[in-house]
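Read through the structure below, which is laid out as structure tokens, and then see the notes.
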Amino acid sequence: MRSIVRVTERVVETPSTVTLRFPFVAPAAPGQFVMIWIPGDDELPMSLSYTVGGSKGVTVKAMGDTSRRVQSIRAGDAVGIRGPYGNRFDMAPRRILVVGGGSGSAVLAPAAEAAVADGARVTAALGATQAPELLFRGRFDAMGAQVEVATDDGSEGTHGFVTTVAERLLGTEPFDAVWTCGPEVMMQKVAVAAASAKVPVYCSVERHMKCALGMCDACALGPYHVCVDGPVFPAERLLPLAEFAHAHRDPSGRRVPFGGH
Amino acid sequence: MSSLVADLAVRVGSLALRNPFLLASGIWGESGDSLAGAWAAGAGGVITKSIGSLPRAGYPNPTIEEYSTWGLLNAMGLPNPGMDEYPREISAARSHGALVIGSVFGSDAEEFARLARRIAETGVVAVELNLSCPHAEGYGTEVGSDPKDVEAIVRAVVGSVSVPVIAKITPNTSDAPALAVAAENGGAAAVSAINTLRALAIDTTLHRPVLAHGLGGLSGPAIKPVGLACVWQIYERVRIPVIGVGGISTAEDALEYIMAGARAVEVGTVIAHQGIGVFSRLVDGLSHRLDELGYASVSQAVGLAHGAGR
């Protein structure tokens with residue numbers, strides 16, 4: 001069922017990223033998502049960036065028109081929330097590498113916090129275009145994670161891709177899981193690197209969604225539906241799919257290649 | 001009686017199905033992999049999303065309002081990749097062995113005929129005409145509410161394809177059985193009923209309709225008695241086979257439709273509640289229930305509630 005709630009807080013996390021906090025008491029786990037309705041505009045799937053207690057949150061990067069409109073929501077505005085939907089990160093691993101690109105930290109930060117609270121050790125490899133765009137760097141520091149950074153422009157950390165950092169870390173430490181979220185080409189590279197290090201990888205993926213109930217087929221990805229079978233998938237299920245890292249579907253169901261990576 | 005295993009194979013006109021449970025149009029039908037998945041899960045056949053001439057994004061979200069267990073309101077708005085793009089999905093489904101029925105929607109007889117001809121070329125075993133979507137301007141119910149229009153559309157399609165033509169008719173009219181009669185007169189091989197019931201949800205806090213499109217269509221258990229009444233009345237008015245649709249979540253629901261006169265049924269909303277595994281539960285459940293009642297086949301139960309089978 002859908003709840004109408006008022007946004008309690010709007011936080012500018014980076015120049016392109018905004019968090020909205022809102023009261024939502026339904027229990028949720030890291031990895032899950034909600035459908036957030038902007039009345040009169042649209043309803044979008046968003047992974048929860050805050051999953052604990054009665055104040056949940058989503059963190060939105062300005063990409064298309066709609067995410068810009070989500071960002072335009074102010075404290076006090078009414079939004080509709082339904083969910084949470086989808087699966088979650090398995091908390092069994094004890095030594096975890098998280099690899100986040102762009103806004104991927106939105107889902108990885110709460111997952112890492114839950115893992116640390118459960119006694120796991122977390123190393124975070126975070127990538128962004130430039131240093132000010134590194135999302136939730138402070139949250140990873142605060143939870144006691146070891147943080148390694150890569151930026152496209154070299155303004156902080158490794159100059160280049162976060163996958164380079166991840167590959168190096170995988171070669172030096174015995175992780176028992178990799179959690180990753182970001183552009184699919186990035187996740188694919190991480191998955192291939194981790195496979196050769198024999199470390200299981202879990203990817204949080206995104207697709208256009210409508211019903212979020214496993215029915216309308218808008219989020220079909222190979223034989224899976226991201227809304228109910230995901231959004232977190234073991235990499236070995238994704239790597240054989242022709243679409244993974246190559247194409248998604250637009251709202252009409254047409255296949256559209258990923259561009260610009 | 002426990003040694004009996006009821007025969008679930010059915011014939012809908014010339015169409016042979018391994019069991020009577022079809023995946024309803026609009027559910028899991030955008031991608032060929034999903035159609036193949038529904039087939040692998042045990043569906044007797046799979047019906048595609050309704051395909052139009054051009055790619056269509058459908059309505060903006062919210063497109064769904066979910067009620068606890070009794071129903072689902074939707075206004076997807078006929079999203080589909082268009083007839084140029086979609087055949088690859090049918091090919092993908094057929095490459096996994098799926099028995100595919102192609103659904104199309106058009107604004108007039110000529111467009112329906114052209115789309116039916118094209119989808120028939122992809123190897124579908126039948127074409128279902130969407131004459132009944134309750135919330136798409138210029139399509140569905142808007143072209144499928146007048147018996148004269150239904151007859152003309154069906155006739156045009158039947159003259160254009162060699163596979164059986166199924167007319168899916170609307171319950172949002174004063175005389176749905178008259179639409180089935182019109183479809184029969186036009187040469188339809190079968191009629192399917194019902195599509196969703198036109199419906200609305202309002203958010204009182206925001207004092208506005210919940211769905212972006214406003215009006216939508218209600219599906220799920222709430223509409224089963226409506227669908228049953230429709231199938232019952234249609235069965236008494238036509239000689240062509242009837243496919244029952246509306247709120248089926250259990251084998252018992254399906255058997256009600258069969259006894260009302262349906263030779264096959266379509267299922268959809270239950271997949272949101274039970275997942276695709278529901279197909280094998282429906283198949284096992286119907287087989288078990290027919291055994292229990294002493295029927296050797298689905299055919300023996302068709303129309304039984306009318307007092308005398310045909």
Side-chain angles (χ1 to χ4, degrees), chain A residues 1-6 34-46 65-66 69-70 77-83 85 207-229 237 240-244 247-256, chain B residues 24 26-38 40 49 51-52 54-68 72 74 76-82 84-86 88-89 92 96 201 203-212 219 268-276:
Chain A
M1 285 306 300
R2 189 180 273 104
S3 311
I4 304 297
V5 300
R6 293 204 178 269
V34 295
M35 294 297 286
I36 178 164
W37 177 31
I38 314 152
D41 189 339
D42 205 343
E43 186 193 49
L44 298 160
M46 301 238 153
D65 256 13
T66 311
R69 278 174 285 170
V70 175
D77 288 354
V79 296
I81 306 286
R82 61 184 176 104
Y85 296 117
R207 281 296 181 275
H208 188 83
M209 282 187 195
K210 293 182 180 181
C211 77
L213 304 174
M215 195 169 72
C216 76
D217 219 25
C219 66
L221 172 59
Y224 310 113
H225 292 96
V226 173
C227 67
V228 293
D229 299 317
R237 290 196 184 168
L241 303 180
E243 297 128 282
F244 180 60
H248 59 109
R249 285 170 191 271
D250 73 8
S252 79
R254 270 182 302 180
R255 294 174 197 225
V256 182
Chain B
I27 316 297
W28 273 50
E30 203 158 278
S31 90
D33 283 341
S34 296
L35 289 171
K49 275 232 190 237
I51 306 301
L54 297 172
R56 189 176 150 105
Y59 300 132
N61 285 342
T63 44
I64 287 272
E65 172 74 338
E66 192 186 11
Y67 301 107
S68 54
L72 194 78
N74 90 81
M76 306 307 296
L78 296 171
N80 79 96
D84 288 340
E85 186 103 0
Y86 194 72
R88 66 189 281 180
E89 307 295 344
H96 289 91
D203 187 281
T204 55
T205 308
L206 302 173
H207 51 84
R208 65 185 307 145
V210 172
L211 301 184
S219 63
T269 302
V270 64
I271 291 166
H273 298 134
Q274 296 189 29
I276 205 70

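Everything quoted here is computed from the prediction, not taken from an experiment. Below, read A as the first sequence line, B as the second, and so on, with proteins coming before strands; counting in each chain starts at 1.
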Under 3.5 Å donor-acceptor, B:N61 side chain and A:P45 backbone: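 Here the side-chain-to-backbone pair does not exist.
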
Donor-acceptor contact below 3.5 Å, side chain A:D217 vs main chain B:S31: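 Looks like yes, one N/O pair under 3.5 Å.
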
Inter-residue atom distance A:R2.CZ - B:I64.CD1, 0.5 Å rounding: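 So the gap between those two atoms works out to 9.0 Å.
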
Pairwise distance NE2(B:H273) to CE(A:M215) - rounded to 0.5 angstrom: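 With rounding to 0.5 Å, NE2 (B:H273) is 8.0 Å from CE (A:M215).
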
Quick one: what part of [X] sits under 4.5 Å from any heavy atom of chain A, side chain, backbone, both or neither?
X: B:T205; answer: side chain
X: B:R208; answer: side chain
X: B:L206; answer: side chain
X: B:A272; answer: both
X: B:D203; answer: side chain

Most contacts with chain A, counted as non-hydrogen pairs under 4.5 angstrom, among B:T63, B:L78, B:V210, B:N74: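 Between B:T63, B:L78, B:V210, B:N74, the count favours B:V210.
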
Residue, of B:G37, B:P60, B:P55, that accumulates the most heavy atom pairs under 4.5 Å with chain A: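 Looking at each of B:G37, B:P60, B:P55 in turn, B:P55 comes out on top.
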
Pair B:E89 + A:R249, salt bridge at N-O below 4.0 Å: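 Salt bridge present between B:E89 and A:R249.
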
Audit row: B:I276, A:H225, side chain to side chain contact (heavy atoms under 4.5 Å, CB included) steps and yes/no: CA-CA 11 Å; B:I276 205 70; A:H225 292 96; over 6 Å; no

Closest-packed option against chain B by number of heavy-atom pairs under 4.5 Å, given A:C211, A:P223, A:C216, A:A220: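 Highest number of pairs under 4.5 Å: A:C216.
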
Top contributor to chain B contacts, counting heavy-atom pairs under 4.5 Å, from A:G80, A:A212, A:G40: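 Top option by heavy-atom pairs under 4.5 Å: A:G40.
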
Heavy-atom proximity to chain B below 4.5 Å, by part of A:R255: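 Contact with chain B is through both the backbone and side chain of A:R255.
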
Engaged part of A:M35 at the chain B interface, taking heavy atoms whose separation is under 4.5 Å: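 Side chain only.
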
Heavy-atom pair with the smallest gap, counting every atom of B:P62 and A:E43: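 Smallest heavy-atom distance, with atoms named: CA-OE1, 3.7 Å.
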
Where A:A218 and B:E30 come nearest, the two heavy atoms and their spacing: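 Nearest heavy atoms, A:A218 then B:E30: CA-OE2, 3.6 Å.
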
Close side-chain approach of B:E85 and A:S252, heavy atoms under 4.5 Å: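 Answer no - side chains too far apart.
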
Audit row: A:L213, B:L72, side chain to side chain contact (heavy atoms under 4.5 Å, CB included) steps and yes/no: CA-CA 11 Å; A:L213 304 174; B:L72 194 78; 3.7 Å; yes

More than 12 heavy atoms from other groups under 6.0 Å of CZ on A:R237: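 Check fails, neighbour count at 12 or below.
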
